Amino acid sequence: MTAAPPPEVPLIGSPYDLRVSLGERVGEAGIKEALETGDTGFVHSFTTGSAVDGPGVRLVAWLAGCQFRCVYCHNPDTWKMTNGMPVTLARATEVMSQYRVQLATMKGGLTISGGEPLMQHRFVLKVFGAAKEMGVHTALDTNGYLGDRLSEADLASIDLVLLDLKAMTPELHRRLTGMDNQPIHEFARRLAAAKRPIWVRFVLVPGWTDDMAEVERIAAFAAGLGNVERVDVLPFHQLGRFKWEKLGLDYLLRDTEPPSQATTRDAIERFRAAGLKAY
Ligand code: SF4
């Protein structure tokens, strides 16, 4: 399979770039082969210099493909795997090696995010394997739904999991994402049993996830795990609205404002009250 990215699309970019149809020419057989071997991934972009996607300064690979349909998603162009550009494992490793020294100096590492990276778990594990060989810290930013694709040995190769906890009440979680949350909780418990650290990410959306009783339920679950090192409360924003519009998607949150500072502080306090470090 030919897997070089189209020359006009730079590999280094931002998750806020709208990127579509970059992998379509690979075809169904090529996608199947890529998913089976993990030798090629479908990547929206790489971002350098992130300070919010794990410890230190991070190189972030944003992968394409997600089975969730979160009402607040700011990257709906990552839902379709074929919107990502095909990138070989060798090319991804080369990008990493370019930044290896800076990442070590800044006490950072590689974060693989998305989309949902575990849609392409074999590629993720191979890239993480290459990172470990270079001595680069690895973080997986995931919605957790496909955690059962990872063996215990795979878990050991991931230094940190950034786990999205979107809602505890099953019905609310389904309305928010289109999916059940039970598999996510099972994955979180497996990580706890394996003593692998988690940073929880919670998106605070007015009218959807700002019921403080619900926030307390998430906090209680996270605190009960025993391996949650920190919680980041992420205030909803509208930076992704243009993508919904350009893609012709029905955006339920088009008129939703970001939460107030007071509400954000309140949510952070609920996590702290459960004994967690929250920001
Ligand atoms: S899990 Fe992430 S990428 Fe997938 S729909 Fe939700 S917010 Fe978007």
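Numbers for residues simply follow the sequence, beginning at 1. Counting convention: from 1, in listed order, for ligands and their atoms alike. Given the structure is predicted, the values throughout are model-derived calculations rather than measurements.
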Of all heavy-atom pairs between Pro86 and Gly23, which one has the smallest distance, and what is that distance?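 Where Pro86 meets Gly23 most closely, the heavy atoms are CD-CA, 4.0 Å.
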
Testing the basics here: between Leu253 and Gln238, what is the closest heavy-atom pair and its distance to 0.1 Å?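 In terms of heavy atoms, the two residues are closest at O-NE2, 2.8 Å.
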
Any ring pair (Phe, Tyr, Trp, His ring centres under 6.0 Å) pairs touching residues 107-132, not counting sequence neighbours? none

Any idea which protein heavy atom is nearest atom 6 (Fe) of ligand 1, and the distance to it? Cys70 SG, 2.3 Å

Shortest protein heavy-atom distance from atom 4 (Fe) of ligand 1, along with the residue and atom involved: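 Sorting protein heavy atoms by distance from atom 4 (Fe) of ligand 1 puts Cys66 SG, 2.3 Å first.
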
Quick check on Asn143 - does any of its heavy atoms sit under 4.0 Å from an atom of ligand 1?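 Within the 4.0 Å threshold, so yes.
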
Answer with yes or no whether Lys166 contacts ligand 1, where contact means a heavy atom under 4.0 Å from a ligand atom.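 Yes.
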
Do Leu252 and Trp208 have side chains that get closer than 4.5 Å, going by heavy atoms? yes

For Thr263 and Pro259, indicate whether the former's side chain and the latter's backbone hold a donor-acceptor pair under 3.5 Å. no

Tell me, please, if Cys73 has any N/O/S atom, main chain or side chain, under 2.8 Å from atom 6 (Fe) of ligand 1?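 No N, O or S atom of Cys73 is closer than 2.8 Å to atom 6 (Fe) of ligand 1, so no.
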
Considering the heavy atoms of Gly115, write down every atom of ligand 1 situated less than 4.0 Å from one of them. 3 (S)

